[in-house]
Structures are given as C-alpha cells and as structure tokens.
**Student:** 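Okay, here's the structure, questions in a sec.
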Amino acid sequence: MVNEQGPEPTEIPSLPDEPAAGTAGKRTPPASTVQIVDHALLVLKTIAEADRPRGLRELSRDLEISKSSTQRILASLERVGLAVVDENSRKYVIGPAALTLAWRHAANSDLVSAASEATARIAAATGETACVSAVVDGRRVTVYEVESSQPLRLITGVGRPYSLFSGATGRVLLSMLPENHLKHLVGDHVSATGATDAAEIADRVAAARDRGYAFSRGEWIMGGCGVAVPIATQGTVTAALSIYGPEARLADQRMADLVPLLQSAAAQIAIRWRQPA
C-alpha cells in the first residue's frame with residue numbers, strides 16, 4: 001500500500017459535461033482531478049454497490065450528472081464489460097470484467113497475503129466464519145473471508161459494503177480512525193439517516209478503542225453475533241479481524257474467551273503486513 005511518486009502529471013482536459021437541471025455546481029470535482037473520470041468511477045461504483053439494477057435516468061438524477069454524460073459513461077462501461085444492461089428493462093448491473101479487477105486485487109493485496117494463514121487458523125480454531133475487513137469509502141468491506149464449516153453459519157461476502165455504524169467490526173474500524181475523520185463520518189451518518197445518537201455512537205466507539213475489541217449481538221443480522229479486534233493501519237488502509245456466528249454458539253462468555261486468540265492472530269497479521277514485499 002505504498003504510493004509511488006512519479007513525474008508531475010500532465011493536465012488532461014475533461015470532456016464537456018453540462019450540469020443536470022437544478023444541480024449546477026453541486027458535483028464539481030477538485031481541480032487536481034479529471035471530471036469525466038471522476039464521473040465514470042462514480043457511476044461504476046454506484047452500480048457495483050446497488051442492491052438492484054439501476055437505470056440511466058435514476059443514475060443521472062441521483063449522481064447529479066447530466067443524462068447525456070451518464071449515457072456515454074454507461075456505454076463505455078458496457079463496452080469493456082464493467083457494466084451489463086438488461087435489454088428489456090434497460091437497467092444496468094455490474095459486469096463480469098469487475099471479477100478480474102477483484103481477483104487481481106486479492107492476488108496482489110499485501111493485507112490479504114498477510115492475513116490469509118492466520119484467518120484460516122482462527123476459522124478452524126473457533127468453528128466460526130473469520131474475516132478481515134477494511135474501511136473503504138466510509139464503509140466496512142470484507143477483503144478476505146474463511147467460512148465456517150458448520151451447517152448453520154454467517155458469511156459477509158468479500159467485497160460487499162456494510163455500514164460502519166452497525167456491528168462489532170464497524171466500531172473497531174471507527175475506533176482506529178483519526179478523530180477528524182471519525183467526526184466527519186459520524187456527521188455524514190447522522191445527516192443521511194436522521195439519527196440523533198451521535199453522542200452514543202462516539203461513546204461506543206471510544207469503548208471499543210479503550211478495550212481493544214468489540215462485541216455485537218443481532219445488530220446487522222437477527223440472531224447473529226460478532227467479535228472484532230483491530231489489526232493495524234497502513235497508509236490509507238485500516239483493518240480489523242472478526243469472527244461471526246449464530247448466538248446459539250457465541251454466548252457472551254465464549255466471545256470474551258475468544259478475544260485473546262483473535263488479538264494474537266491480529267498481531268501476527270500486523271507484523272506480516274508491515275514486512276516489505
């Protein structure tokens with residue numbers, strides 16, 4: 001996760017992009033970025049994270065990008081296989097080419113490489129699903145997962161985004177962030193959800209920071225429990241190690257008993273992660 005500094009970038013002019021009606025100036029990217037690239041990545045990210053197919057008009061409206069620009073972006077994404085359109089509904093979903101990107105990330109990720117062995121050991125020792133998660137664009141995303149072999153088990157799904165404000169893993173990840181970043185995320189969460197418990201959120205995050213772990217019970221899925229501990233932060237990547245399972249197997253005392261095991265594995269992952277490639 002090292003940013004290599006190369007020669008000074010050449011300024012590339014962006015394609016003309018008229019603002020959508022009533023939204024002029026709301027999505028002006030920073031001067032150091034290329035607008036059409038920003039917009040294309042935003043469209044791709046929105047399609048990838050959606051829980052249903054998205055149409056041209058709603059993408060244009062929700063992202064505040066003109067319809068003509070959104071249409072050109074979708075056509076380009078479709079051409080390279082990053083988006084697929086249903087011929088009947090004319091709505092878009094993520095395309096198969098995204099699998100290659102995900103596979104290459106997993107294959108080349110320093111964090112995944114450092115975590116795979118220890119995570120597999122935790123899954124075997126606990127009998128529960130073990131996973132490594134990171135903060136990605138204000139959400140928690142599982143970057144590596146070893147599923148429980150039990151018939152009744154919980155899985156999160158590699159690459160699937162979840163709220164940082166629900167579950168043990170989210171609290172641990174929040175507890176590792178710089179204070180200004182944490183305040184920004186809490187503010188966005190309160191604005192987006194209408195939540196009025198900013199102080200309670202801050203208290204729960206502070207408790208996770210002080211203890212060095214967090215528990216959850218029925219927060220993001222009914223009957224599901226989780227235990228999470230911090231791994232480390234490297235550059236812009238903040239990571240945590242967690243196990244998930246049904247409450248029938250993860251009583252409070254059992255979760256407490258598993259904390260030292262998870263902390264030991266997290267420390268091993270952190271050491272391997274810091275080693276130069």
**Student:** Would you indicate whether the side-chain heavy atoms of Ile73 and Leu59 approach each other to under 4.5 Å?
**Tutor:**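 Leu59 vs Ile73: side chains apart.
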
**Student:** If you measure from CG on Leu250 to CD1 on Ile243, what distance do you get to the nearest 0.5 Å?
**Tutor:**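 Reported to 0.5 Å precision, the distance equals 5.5 Å.
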
**Student:** Would you find a donor on one side and an acceptor on the other, under 3.5 Å apart, between the side chain of Arg171 and the backbone of Phe215?
**Tutor:**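 Yes, because the side chain of Arg171 sits within donor-acceptor range (under 3.5 Å) of the backbone of Phe215.
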
**Student:** Of all heavy-atom pairs between Pro230 and Ala266, which one has the smallest distance, and what is that distance?
**Tutor:**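 Heavy atoms of Pro230 and Ala266 come nearest at O-CB, 3.4 Å.
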
**Student:** For Glu145 and Thr129, test the side chains for any donor-to-acceptor distance below 3.5 angstrom and give the result as yes or no.
**Tutor:**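 On atom types as modelled, these side chains do not qualify, holding no pair under 3.5 Å.
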
**Student:** Does the distance from a Lys or Arg side-chain N to an Asp or Glu carboxylate O, for Arg204 and Glu219, drop under 4.0 Å?
**Tutor:**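 Yes.
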
**Student:** Check whether any side-chain heavy atom of Val135 lies under 4.5 Å from a side-chain heavy atom of Met176, and answer yes or no.
**Tutor:**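 They are not in side-chain contact.
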
**Student:** Side chains of Arg121 and Gln268: is there a donor and an acceptor less than 3.5 Å apart?
**Tutor:**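 On atom types as modelled, these side chains qualify, holding a pair under 3.5 Å.
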
**Student:** Please list all pairs passing the salt bridge (charged side-chain N to carboxylate O under 4.0 Å, His left out) test where one or both residues lie in residues 226-249, with sequence neighbours left out.
**Tutor:**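 Found Glu128-Arg249, Arg217-Glu247.
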
**Student:** Val93 and Arg54: side-chain contact (heavy atoms from CB on, under 4.5 Å), yes or no, with the steps?
**Tutor:** CA-CA 7 Å; Val93 296; Arg54 303 296 299 273; over 6 Å; no

**Student:** Side-chain contact, heavy-atom cut-off 4.5 Å: Val143 with Val158?
**Tutor:**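 Val143 vs Val158: side chains apart.
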
**Student:** Is it possible for you to say whether Val141 and Leu111 belong to one hydrophobic cluster, with membership spreading through side-chain heavy-atom contacts below 4.5 Å?
**Tutor:**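 No.
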
**Student:** Between Arg254 and Thr126, is a side-chain contact (heavy atoms from CB on, under 4.5 Å) present by the stated rule, with each step listed?
**Tutor:** CA-CA 10 Å; Arg254 174 156 170 75; Thr126 64; 4.2 Å; yes

**Student:** Side-chain contact, heavy-atom cut-off 4.5 Å: Cys131 with Thr119?
**Tutor:**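 In short, these two side chains do not touch, never coming nearer than 4.5 Å.
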
**Student:** According to a 4.5 Å side-chain heavy-atom criterion applied to Ile, Leu, Val, Met, Phe, Trp and Tyr, with indirect links allowed, do Val229 and Ile271 form part of one hydrophobic cluster?
**Tutor:**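 No, no single cluster joins them.
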
**Student:** For Ser242 and Thr169, test the side chains for any donor-to-acceptor distance below 3.5 angstrom and give the result as yes or no.
**Tutor:**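 Looking only at side-chain atoms, Thr169 and Ser242 do form a donor-acceptor pair, the distance falling under 3.5 Å.
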
**Student:** To the nearest 0.5 Å, how far apart are CD in Gln35 and CD1 in Ile65?
**Tutor:**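 Here the rounded value is 8.5 Å.
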
**Student:** Considering all heavy atoms of both residues, which atom of Lys67 and which atom of Arg57 are nearest to each other, and what is their separation?
**Tutor:**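 Answer, listing the atom of Lys67 first, then Arg57: NZ-NE, 3.6 Å.
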
**Student:** Is Val136 linked to Val43 within one hydrophobic cluster, defined over Ile, Leu, Val, Met, Phe, Trp and Tyr using a side-chain heavy-atom separation of less than 4.5 Å?
**Tutor:**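 They do not share one cluster, since no chain of ILVMFWY contacts under 4.5 Å joins Val136 to Val43.
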
**Student:** Under 6.0 Å from the six-membered ring centre of Tyr162 and within 45° of its axis: does the NZ or CZ of Arg140 meet both?
**Tutor:**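 Cation-pi check for Arg140 and Tyr162: passes.
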
**Student:** Would you say Val84 and Glu78 make side-chain contact, with heavy atoms under 4.5 Å?
**Tutor:**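 With C-beta onward as the side chain, the pair stays apart.
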
**Student:** Given the rule in the side-chain contact (heavy atoms from CB on, under 4.5 Å) test, do Thr233 and Leu177 qualify, once you have shown the distances and angles that lead to the verdict?
**Tutor:** CA-CA 9 Å; Thr233 295; Leu177 298 177; over 6 Å; no

**Student:** Quick one: do Ile201 and His189 satisfy side-chain contact (heavy atoms from CB on, under 4.5 Å)? Show the steps, please.
**Tutor:** CA-CA 10 Å; Ile201 292 171; His189 173 70; 3.6 Å; yes

**Student:** Please check if any side-chain donor atom of Arg72 sits under 3.5 Å from a side-chain acceptor atom of Ser69, or the reverse.
**Tutor:**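 Yes, Ser69 and Arg72 have a side-chain donor paired with an acceptor closer than 3.5 Å.
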
**Student:** Charged N to carboxylate O under 4.0 angstrom, Glu117 versus Arg272?
**Tutor:**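 Judged by the 4.0 Å cut-off on N to carboxylate O distance, Glu117 and Arg272 do form a salt bridge.
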
**Student:** Give a yes or no on whether Val85 and Leu77 share a hydrophobic cluster (residues Ile, Leu, Val, Met, Phe, Trp, Tyr; joining criterion: side-chain heavy atoms under 4.5 Å apart).
**Tutor:**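 In one cluster: yes.
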
**Student:** Are any side-chain N or O atoms of Glu58 and backbone N or O atoms of Gly55, one a donor and one an acceptor, separated by less than 3.5 Å?
**Tutor:**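 Flag set: sc Glu58 to bb Gly55 pair under 3.5 Å.
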
**Student:** Look only at the side chain of Thr46 and the backbone of Leu42, and say whether a donor-acceptor pair between them is shorter than 3.5 Å.
**Tutor:**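 Present.
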
**Student:** Please report the interatomic distance CG(Leu174) to CG(Leu164), rounded to the nearest 0.5 Å.
**Tutor:**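 Taking CG in Leu174 and CG in Leu164, the distance rounds to 4.5 Å.
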
**Student:** Name all residues meeting the salt bridge (charged side-chain N to carboxylate O under 4.0 Å, His left out) criterion together with Arg209; count only those two or more places apart in sequence or in a different chain, and write none if there are none.
**Tutor:**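 In terms of salt bridge (charged side-chain N to carboxylate O under 4.0 Å, His left out), with neighbours along the sequence ignored, Arg209 is linked to no residue.
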
**Student:** I need the minimum non-hydrogen distance between Ala83 and Tyr92, along with the two atoms involved.
**Tutor:**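 Shortest heavy-atom contact: CB-CD2, 4.3 Å.
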
**Student:** Any link between Val172 and Phe165 through a network of hydrophobic side chains (Ile, Leu, Val, Met, Phe, Trp, Tyr) touching at under 4.5 Å?
**Tutor:**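 As far as the 4.5 Å side-chain criterion goes, Phe165 and Val172 are not connected within one cluster.
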
**Student:** Under a 4.5 Å cut-off applied to non-hydrogen side-chain atoms, are Ser163 and Arg139 in contact?
**Tutor:**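 With C-beta onward as the side chain, the pair stays apart.
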
**Student:** Which heavy atom in Ser216 sits nearest to a heavy atom in Ala168, and how many Å separate them?
**Tutor:**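 Ser216 and Ala168 have their closest heavy atoms at CB-N, 3.3 Å.
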
**Student:** So, for Thr156 and Thr142, which heavy atoms are closest and what is the spacing to 0.1 Å?
**Tutor:**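 Closest approach of Thr156 to Thr142: OG1-OG1, 2.8 Å.
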
**Student:** What pairs of donor and acceptor atoms, side-chain ones from residues 180-188 against any protein atom, are under 3.5 angstrom apart with sequence neighbours left out?
**Tutor:**
from	atom 1	to	atom 2	distance (Å)
His184	NE2	Asp188	OD2	3.1

**Student:** Do any N or O atoms from the side chain of Thr70 and from the backbone of Ser66 form a donor-acceptor pair under 3.5 angstrom?
**Tutor:**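 Checked: pair present.
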
**Student:** For a 4.5 angstrom cut-off between non-hydrogen side-chain atoms, does Val112 reach Val132?
**Tutor:**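 Val112 does not reach Val132 side chain to side chain.
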
**Student:** Assert yes or no for the condition that the ring centre distance of Trp220 to Tyr244 is strictly below 6.0 Å.
**Tutor:**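 Yes, close enough.
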
**Student:** How far does CG of Asp257 sit from CG of Asp252, to the nearest 0.5 angstrom?
**Tutor:**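 Here the rounded value is 11.0 Å.
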
**Student:** Do you know which two heavy atoms are closest between Ala130 and Ile122, and how far apart they sit?
**Tutor:**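 Looking at all heavy atoms of both residues, the closest pair is CB-CG2, 3.8 Å.
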
**Student:** Output the distance between atom CG (Leu258) and atom CD (Gln253), rounded to the nearest 0.5 Å.
**Tutor:**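 Those atoms lie 10.0 Å apart.
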
**Student:** Quick one: pull up CD in Gln263 and CD1 in Ile231 and give me the separation to the nearest 0.5 Å.
**Tutor:**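 Spacing of CD (Gln263) from CD1 (Ile231) equals 12.0 Å.
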
**Student:** Taking the side chain as everything from C-beta on, heavy atoms only, tell me whether Trp273 gets closer than 4.5 Å to Asp110.
**Tutor:**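 Answer yes - side chains close enough.
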
